[in-house]
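A short worksheet on the structure shown next.
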Amino acid sequence: MPDAEGHPSLDEMHLRSVMNALSDPLRYEVVSVLAHASEGVERHCSSFGLPVSKSTRSHHFRVLREAGLIRQVDRGNSRMAQLRTADLDTRFPGLLDLIRKNPPEPRPAP
């Protein structure tokens, strides 16, 4: 059962949910950015510069959280996202290496 914030346990992380979350280019970009950062780095959701509304951004981060790709923590009045590196390496060995080797496609110009 997911914790109070909606983070699934290691056993509740399923490949289909992870792959579904990664199928969206913006969500893949978020995970890729976090995968290239130092382990344990936390970033504010708006710091990724996603070209979507706040509600859509919240939806994308909820999908990533519920799939088990990120952990979100409250820091005062903001929410920070952190890649669940150790959990992903344990549950899906090699996945983050593949993401690191396959950068997201560039966003189209506005």
Side-chain angles (χ1 to χ4, degrees):
M1 177 172 211
D3 66 12
E5 287 82 34
H7 302 104
S9 68
L10 198 59
D11 293 338
E12 294 171 319
M13 294 167 62
H14 301 289
L15 183 60
R16 288 181 63 183
S17 297
V18 168
M19 298 306 286
N20 178 60
L22 292 172
S23 70
D24 181 90
L26 295 178
R27 293 192 295 257
Y28 185 90
E29 181 180 336
V30 167
V31 172
S32 179
V33 167
L34 290 171
H36 284 92
S38 300
E39 189 168 345
V41 164
E42 294 180 350
R43 291 208 27 197
H44 190 275
C45 299
S46 64
S47 73
F48 292 92
L50 302 181
V52 294
S53 67
K54 184 178 179 180
S55 62
T56 301
R57 187 173 60 234
S58 294
H59 165 75
H60 284 308
F61 280 87
R62 180 178 54 80
V63 171
L64 291 170
R65 183 185 67 242
E66 290 177 352
L69 288 159
I70 64 169
R71 180 168 308 284
Q72 288 185 292
V73 293
D74 291 326
R75 299 280 187 240
N77 63 351
S78 52
R79 198 144 208 215
M80 305 295 278
Q82 180 182 61
L83 190 64
R84 292 179 62 179
T85 306
D87 290 342
L88 290 166
D89 285 342
T90 298
R91 186 78 168 124
F92 308 109
L95 176 66
L96 292 178
D97 291 333
L98 286 171
I99 291 170
R100 288 182 191 107
K101 291 177 185 174
N102 294 280
E105 295 181 15
R107 292 186 206 159

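Since the model is a prediction, treat every value here as computed from it, not as a measurement. All values below come from the heavy atoms of this structure, side chains included, with hydrogens, waters and symmetry mates left out.
Residues Arg71 and Asp87 are in side-chain contact: their nearest non-hydrogen atoms beyond the backbone lie under 4.5 Å apart. Between Asp24 and Val63 the shortest side-chain heavy-atom distance does not fall below 4.5 Å. Val30 is listed as a side-chain neighbour of Phe61, based on a closest heavy-atom distance under 4.5 Å. In this structure, Arg84 and Thr90 have side chains that are not in contact, with every pair of non-hydrogen atoms separated by 4.5 Å or more. Considering only heavy atoms from C-beta on, Phe92 comes within 4.5 Å of Met13 through its side chain. Between Arg27 and Leu69, every side-chain heavy-atom pair lies at or beyond the 4.5 Å cut-off. No side-chain heavy atom of Leu26 sits less than 4.5 Å from a side-chain heavy atom of Thr56.
Of the possible polar contacts, none joining the Arg65 side chain to the Gln72 backbone as a donor-acceptor pair under 3.5 Å is found. Checking side-chain atoms of Ser32 against main-chain N and O of Glu29 turns up no donor-acceptor pair under 3.5 Å. Checking side-chain atoms of His44 against main-chain N and O of Ser46 turns up a donor-acceptor pair under 3.5 Å. A donor-acceptor distance shorter than 3.5 angstrom exists from the side chain of Arg91 to the backbone of Leu10, with no hydrogens or angles considered. His36 places a side-chain N or O within donor-acceptor distance of the main-chain N or O of Arg100, the cut-off being under 3.5 Å.
If you chain together hydrophobic residues whose side chains sit under 4.5 Å apart, Met19 and Val31 fall into the same group.
Nearest approach of Ser23 to Asn20, heavy atoms of both residues: OG-O, 2.6 Å. Annotation for Leu96 and Ala35: closest pair CD2-CB, 4.5 Å, computed over non-hydrogen atoms. Of all heavy-atom pairs between Arg79 and Asp74, the closest is NE-OD1, 3.2 Å. When all heavy atoms are compared, the tightest approach of Leu34 to Ala81 is CD2-O, 4.2 Å. Contact between Val33 and Phe48 at its shortest, heavy atoms only, is CG1-CE2, 3.8 Å. Leu50 and Arg107 make their closest contact through CD2-NH2, 3.8 Å (heavy atoms, listed as atom of the first residue, atom of the second, distance).
Atom-to-atom distance recorded for Leu88:CG and Leu95:CG is 6.5 Å, nearest 0.5 angstrom. In this structure, SG in Cys45 is found 9.5 Å from CG in Leu64, a value given to the nearest 0.5 Å.
Under 3.5 Å, the side chains of His60 and Arg57 contain no donor-acceptor pair of N or O atoms.
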